[in-house]
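Read through the structure below, which is laid out as structure tokens, and then see the notes.
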Protein chains: 2
Amino acid sequence: MGRRSDHSREELCELALDAARRIVDEDGLSALTARKVAGAMGYAPGTLYNLFGNLDDLIVHLNARTLDDLCHRLSLNPGAGSPEEVLSRMLNAYLEFLTDHSSLWHLLFEHKLPDDKELPDWYARKVDKVLGLVENALSPLFAEDRQNQKRDAACVLWASLHGICSLYQTGKLSVVTSTSVREMTETLLANFIAGLRLSQGADGFVHT
Amino acid sequence: MGRRSDHSREELCELALDAARRIVDEDGLSALTARKVAGAMGYAPGTLYNLFGNLDDLIVHLNARTLDDLCHRLSLNPGAGSPEEVLSRMLNAYLEFLTDHSSLWHLLFEHKLPDDKELPDWYARKVDKVLGLVENALSPLFAEDRQNQKRDAACVLWASLHGICSLYQTGKLSVVTSTSVREMTETLLANFIAGLRLSQGADGFVHT
DNA sequence: CTTGAAATTGAACGGCGGTCAATATAAATT
DNA sequence: AATTTATATTGACCGCCGTTCAATTTCAAG
């Protein structure tokens, strides 16, 4: 077999990523194999390695798409309101995605590159974008001269929510409590923000 | 080859789990293979399947040991003090374990049984024990008639800390912030507990 | 000494990620 | 139009993996 030119290189990448997404969504992480992806797009396994360096590389690109998707969903329902209200709406969208595409979500976070490789810059920028949404929601809590603390707070909140979702999704929470993810994340949100309000000072005059 | 009787069945299990622990600790998760474990204990691969149903089963037992170890370390430095102080000490021990045995820690949380199988009861009890430590530390914050809320709070806190550690450990935090795990977990701890104090009422008279 | 039960082996199976010489096609050159 | 060059595609191959199981060897009981 030789050159086919049924598809451009970009079309092939899209084909591969579409196939990969479908496979993960339908049959779970363990079903994502090079042979299966290649088969689903009607090509031989070797072709996949012309498009991506290896499976890890393909997964990073798939995760980038998932990140875009997630970011888009979180951006809907913008609306105004207190940080609690805004974040609660975002949480809705997040949990909905987690429920509907648990394997894609799982892949997004569970996947780890080998120690000697780092995530590319364009990927970091996508993560930044999501984090920016959280940051904006938290903005009213921080005085003008403390905006730099926003980012840390956003990171902490985001990572914490992730922890709850992660343990839930791997079945490690149900072993220990019957409380729903919904309730737990709301508990975190409420208490963490209450704490922030305090430490940032309701009117800027409490604590240092 | 036939019956050797160099070791009792229990000794063999210990041999296997010791080997597995060493392999994970030294060479990471991906190095944990049946052949390697068997080789390290001086037996053929098949023997491993007389002791454990499969690799998943062995991993659950290894994780149980890790859980015991973790629980033990968290129980040292008991001491008195405010919930913040007690939990901060526990956090020290936790982060120390995370640093020294990152792969064992990773295996403990990342491993997921197939959907049709559940973690055994004796395993759930071990998780419970760790959670109990957090619960005790939070105890002073809850009035006598609200002790049942303790558990939820402990779960949320534990899961949240896990999220920060998890993202850190998979290199997904460094992409987005240069703040240390240490600082982030302290931020969570401080704000969450501050929030709890408020919602539980400093003297039981604020909010419902 | 025989017999039966249990432990141990290691080859075998199907599948995996990844590689690469061979090949077939498209584009460039003559 | 014929020839060359460049490139896309293949699929057999490598060394692994988890897991199985018939065959074998040893121990213990009768």
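Values below: all heavy atoms of this structure, side chains included; hydrogens, waters and symmetry mates excluded. All chains are named by letter (A, B, ...) in the order of the sequence lines, taking the proteins before the strands, and each is independently numbered beginning at 1.
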In whole angstrom, give the distance that lies between atom [atom1] of [X] and atom [atom2] of [N].
X	N	atom1	atom2	value
Asp6(A)	dT9(D)	CG	P	8 Å
Ile59(B)	dC17(D)	CD1	P	14 Å
Asn50(A)	dC20(C)	CG	C1'	11 Å
His7(B)	dA6(C)	NE2	P	21 Å
His111(B)	dG18(D)	NE2	P	12 Å

- Item | Crowding at CD, Glu118(A) (>12 non-hydrogen neighbours, <6.0 Å) |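 Count not over threshold, so no.
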- Looking at DNA chain D, which of residues 20-38 of chain B put a heavy atom within less than 4.0 Å of it? Leu32(B), Thr33(B), Ala34(B), Arg35(B)
- Query: Looking at residues 51-58 of chain B, who's got a heavy atom less than 4.0 Å off DNA chain D?
  - Reply: Asn54(B), Leu55(B)
- Message: Please enumerate all residues that pass side chain to side chain donor-acceptor pair (under 3.5 Å) together with Gln149(A), with sequence neighbours excluded.
- Response: Gln200(A)
- Task: Determine the contact category for Leu12(A): base if any of its heavy atoms lies under 4.0 Å from a base atom, sugar-phosphate if only primed atoms, P, OP1 or OP2 are that close, otherwise nothing.
- Result: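 Sugar-phosphate, no base atom in range.
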- Item | By salt bridge (Lys or Arg N to Asp or Glu O under 4.0 Å) - contacts of Asp6(B) (at least two apart) |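 Salt bridge (Lys or Arg N to Asp or Glu O under 4.0 Å) check on Asp6(B) returns Arg4(B).
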- Message: Hydrogens and angles aside, do Thr187(A) and Asp152(B) bring a side-chain donor and acceptor to less than 3.5 Å of each other?
- Response: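 No pair is found: no donor N or O on one side chain lies under 3.5 Å from an acceptor on the other.
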- Are the charged groups of Arg65(B) and Asp18(B) less than 4.0 angstrom apart, N to O?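 Yes, this pair counts.
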- Message: So which atom in Val156(B) and which in Ile164(A) form the shortest heavy-atom distance, rounded to 0.1 Å?
- Response: CG1-CD1, 4.1 Å
- Write down the atom of Phe52(B), the atom of Asp57(B), and the distance for their closest heavy-atom approach. CA-OD2, 3.6 Å
- Query: Side-chain N or O of Thr47(A) less than 4.0 angstrom from OP1 or OP2 on dT10(D)?
  - Reply: yes
- Query: Of the nucleotides dG18(C), dT10(D), dT9(C), which one has an atom closest to the side chain of Tyr49(A)?
  - Reply: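 Among dG18(C), dT10(D), dT9(C), the one nearest the side chain of Tyr49(A) is dG18(C).
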- List for me each residue that meets ring-ring contact (aromatic ring centres under 6.0 Å, His included) alongside His101(B), sequence neighbours excluded, and say none if there are none.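 Result, ring-ring contact (aromatic ring centres under 6.0 Å, His included) vs His101(B): Phe97(B).
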- Query: Applying salt bridge (Lys or Arg N to Asp or Glu O under 4.0 Å), which residue pairs with at least one partner in residues 77-105 of chain A are found, sequence neighbours left out?
  - Reply: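 As it turns out, the salt bridge (Lys or Arg N to Asp or Glu O under 4.0 Å) pairs with a partner in residues 77-105 of chain A, which skip direct neighbours, are Glu84(A)-Arg197(A).
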